[in-house]
Amino acid sequence: DFTYPFVIELCPGQNHLIAKPPFYEEFKASGKFSLCGYRMFENAQVTSASASTSELLPFWQYRRLIASENFPASSFANDIAMINWESNDLRGQNIIDQPPQTVAKRLALGKALSLGFLYWLQTEAPRDDGGTGYPEFKLRADLTGSPDGLAKFPYIRESRRLKAQRTIVEKDIVVSNNANARAKSCHDSVGIGHYPVDIHGQQDIPGAGQSTRPFQIPASALVQNQIANFLPACKNIGTTHVSNGAFRLHPIEWAIGESAASLAVYSLKHKRAPWRLLRNRKILRQVQNNLVKEGAPLVWFDDLPPEDNAFAAGQYLAITGIMPPEKNSLAFRPTAWLSKREAAAALDRLLRLDKLGAGGKEKQEPKLTGSALAAPDTVQISPKSGADKESTSSPAADLASSGAMSRCINAGLLRADSAGNFQAEAPMSPLDLVFLNSHRLINIAATVPASDQVTRGEFALWLYQIAQSPRFFGRH
């Protein structure tokens, strides 16, 4: 389907009635024109089949561009709104891959539908104060820059789509297939989005009308292996007919466009096709790092806005898996105190301690799963060897020896207290970070916060400095 939006001004007491457009009576007889239960300027109460009630905001506010009360009268005397509604949405008239004559005929029909809806609004739409029609709606052709007052080009909800390296499918994003707070994780994310599977006029097809989890835009859905100098920049990425219903929303298209531009810059800089860039983890991380530094989120957090000092740090550490997002929460918790357990987990991932052997060289070890990864709140360290060797006299210490805390203690990154105890839930302090700066596995003079205790945001800023250093960048 496609739509020709138009812009109207509310001019109280005036009459700006347009001539009746062609096919008006046919569209009206088919039931095409309606406010769908909304009132024009007032809230509407609706009752569902289950007898529950809900409130609908006014139709006029749906796509209002200018609320005149927010401006001096010399700037805007009246409200202005763009009309893009069910009633001027032409369906079943495909204009892609059609003969020119067919395209022209269907575009003309789409224009007639939009003008027909305006005529209906001016003459037959139910008024909040009784009666019908709002002849005070003035078509603002000067704002669209077109002779007929309609948009210069139609809004097409679904276009051609790229045959990409990765095709985003319904199961990647919908609630029914994703039990966690977010949709399926993408290590190559270059943006985020959240919108239901909304396919106009086709909500009865399998897969349509579903709710989604907050999802990511994978870079692999923007590239393919055949054409070296081509990138999609909006809703034409690698999706299906169903998943496209969620990715077609404007903010998501903007995120796709921003990420496509970043890939194009690096492709030109390195003189390599975009799909080849994604094979290089370091270049991918450079693209992602530049995006987060510009305020573009790659992981959905509901408490880490771009203006937060820890935004870029939190985003980068999350997408690289050094500080991965919590499975059942959308929060990053930048102002919460950081426990030593959390610090140990992040340090373990950054330094890949599970792969380090004697002398700090990497080794390959089988990964532990299940209960073997559990760790107690307090770990008892053998008094004879301090942090170098854990006591194996208790089951708790045995469990801890398989986890990140144990590896950090064994490596001398985190220290026990004078009694030989390691308080896992105790907050990290700036002195702990100063100590870590000088540790042989880090040895980087990263800036340390001046607070008494370290928050998650402050720790992320500190760790981000280290993760961006040449020794670590691109390893995760």
Side-chain angles (χ1 to χ4, degrees), residues 161-173 177-178 180-194 212-228 230-240 243-244 246-247 251-270 272-301 304 311-325 327 349-350 352 464 467-468 472-476:
R161 299 187 298 274
L162 184 72
K163 190 173 183 180
Q165 281 187 354
R166 172 179 175 178
T167 299
I168 304 160
V169 298
E170 167 191 345
K171 292 182 179 180
D172 293 338
I173 60 174
N177 287 94
N178 293 275
N180 297 329
R182 298 171 183 80
K184 184 177 180 180
S185 178
C186 305
H187 80 282
D188 62 340
S189 171
V190 287
I192 60 171
H194 191 204
T212 63
R213 301 288 187 196
F215 51 77
Q216 295 170 301
I217 304 166
S220 48
L222 275 70
V223 300
Q224 45 77 55
N225 299 342
Q226 286 75 40
I227 305 175
F230 181 85
L231 284 169
C234 56
K235 55 193 165 192
N236 47 6
I237 64 173
T239 57
T240 65
S243 62
N244 180 75
F247 277 78
I252 303 168
E253 289 191 277
W254 298 333
I256 294 169
E258 188 170 14
S259 60
S262 294
L263 283 172
V265 166
Y266 271 85
S267 184
L268 293 171
K269 179 179 179 180
H270 294 275
R272 299 171 71 179
W275 66 271
R276 291 187 181 275
L277 293 180
L278 300 186
R279 290 184 173 181
N280 186 314
R281 179 185 292 178
K282 188 171 184 178
I283 293 179
L284 172 62
R285 296 308 187 209
Q286 287 173 342
V287 172
Q288 292 173 319
N289 200 26
N290 276 4
L291 284 168
V292 300
K293 285 182 176 180
E294 292 295 329
L298 309 183
V299 178
W300 192 290
F301 290 116
L304 194 64
F311 173 82
Q315 287 286 332
Y316 180 80
L317 296 173
I319 198 62
T320 55
I322 298 172
M323 289 183 70
K327 290 184 177 181
R349 296 186 189 100
L350 173 74
R352 301 164 80 170
Y464 184 42
Q468 291 184 101
F472 294 104
F473 192 84
R475 293 181 62 192
H476 303 84

Considering only heavy atoms from C-beta outward, does the side chain of Val287 approach that of Leu291 to under 4.5 Å? yes

Leu231 and Leu263: side-chain contact (heavy atoms from CB on, under 4.5 Å), yes or no, with the steps? CA-CA 8 Å; Leu231 284 169; Leu263 283 172; 4.0 Å; yes

Would you say that Gln216 contacts Ile319 through its side chain, given a criterion of any heavy-atom pair below 4.5 Å between the two side chains? yes

So do the side chains of Ile283 and Arg272 get within less than 4.5 Å of each other, counting heavy atoms only? yes

Taking atom CD1 of Ile237 and atom CG of Leu162, what is their separation to the nearest 0.5 Å? 9.0 Å

Scanning both residues in full, the closest heavy-atom pair of Ala260 with Pro232 reads CB-O, 3.3 Å

Under the ring-ring contact (aromatic ring centres under 6.0 Å, His included) test, which residues partner Phe472, sequence neighbours left out? none

Kindly compute the distance separating CD (Glu253) from CD1 (Ile217), expressed to the nearest 0.5 Å. 10.0 Å

Side chains of Ser243 and Ile173: does their closest heavy-atom pair fall under 4.5 Å? yes

Listed by chain and number, what are the ring-ring contact (aromatic ring centres under 6.0 Å, His included) partners of Tyr266, not counting sequence neighbours? His270

Can you tell me how far the CG atom of Leu277 sits from the NZ atom of Lys282, to the nearest 0.5 Å? 14.0 Å

Approximate separation, where rounding is to 0.5 Å, of Cys234 SG and Trp254 CH2: 12.5 Å

On a heavy-atom basis, which atom in Arg285 and which in Thr320 lie closest, and how many Å separate them? NE-CG2, 3.6 Å

Tell me the closest heavy-atom pair linking His194 and Thr212, and the distance in Å. NE2-O, 2.8 Å

Is His476 reaching over with its side chain to a backbone N or O of Ile322, donor-acceptor style, under 3.5 angstrom? no

Hey, does the side chain of Glu258 reach the backbone of Ala261 with a donor-acceptor pair shorter than 3.5 angstrom? no

Please name the pair of heavy atoms, one in Arg475 and one in Arg281, separated by the smallest distance, quoted to 0.1 Å. O-NH1, 2.8 Å

Full working for side-chain contact (heavy atoms from CB on, under 4.5 Å) between Gln224 and Trp275: CA-CA 6 Å; Gln224 45 77 55; Trp275 66 271; 6.0 Å; no

Check Arg213 against Asn180 and note the closest heavy-atom contact, atom names and distance. NE-O, 3.1 Å

Rounded to the nearest 0.5 Å, the OH atom of Tyr464 sits from the CG atom of Asn289 at a distance of 3.5 Å

Is any side-chain heavy atom of Val223 less than 4.5 Å from a side-chain heavy atom of Leu278? yes

Atom pair CD/CG of Gln288 and Leu298 - distance to nearest 0.5 Å: 5.5 Å

With the side chain counted from C-beta on, respond yes when Gln286 and Phe473 share a heavy-atom pair under 4.5 Å apart, and no when they do not. yes

If you measure only the distance, is there a donor-acceptor pair under 3.5 Å linking the side chains of Ser259 and Ser262? no

With heavy-atom distances below 4.5 Å as the criterion, would you say the side chains of Ile192 and Val299 are in contact? no

The test is side-chain contact (heavy atoms from CB on, under 4.5 Å); show your working for Ile252 and Ile256 and say whether it passes. CA-CA 6 Å; Ile252 303 168; Ile256 294 169; 4.2 Å; yes

Mark yes or no for whether Asn178, through its side chain, and Lys184, through its backbone, hold a donor-acceptor pair below 3.5 Å. yes

Side-chain contact, heavy-atom cut-off 4.5 Å: Phe247 with Lys235? no

Can you give me the closest heavy-atom contact between Pro218 and Ile168, atom names plus distance? CD-CD1, 3.7 Å

Would you call Asp172-Arg166 a salt bridge at under 4.0 Å N-O? yes

With no hydrogens and no angle check, is any side-chain donor or acceptor of Asp188 less than 3.5 Å from a backbone partner on Ser220? yes

May I ask you to decide if Val292's main-chain N or O and Gln315's side chain share a donor-acceptor pair within less than 3.5 Å? no

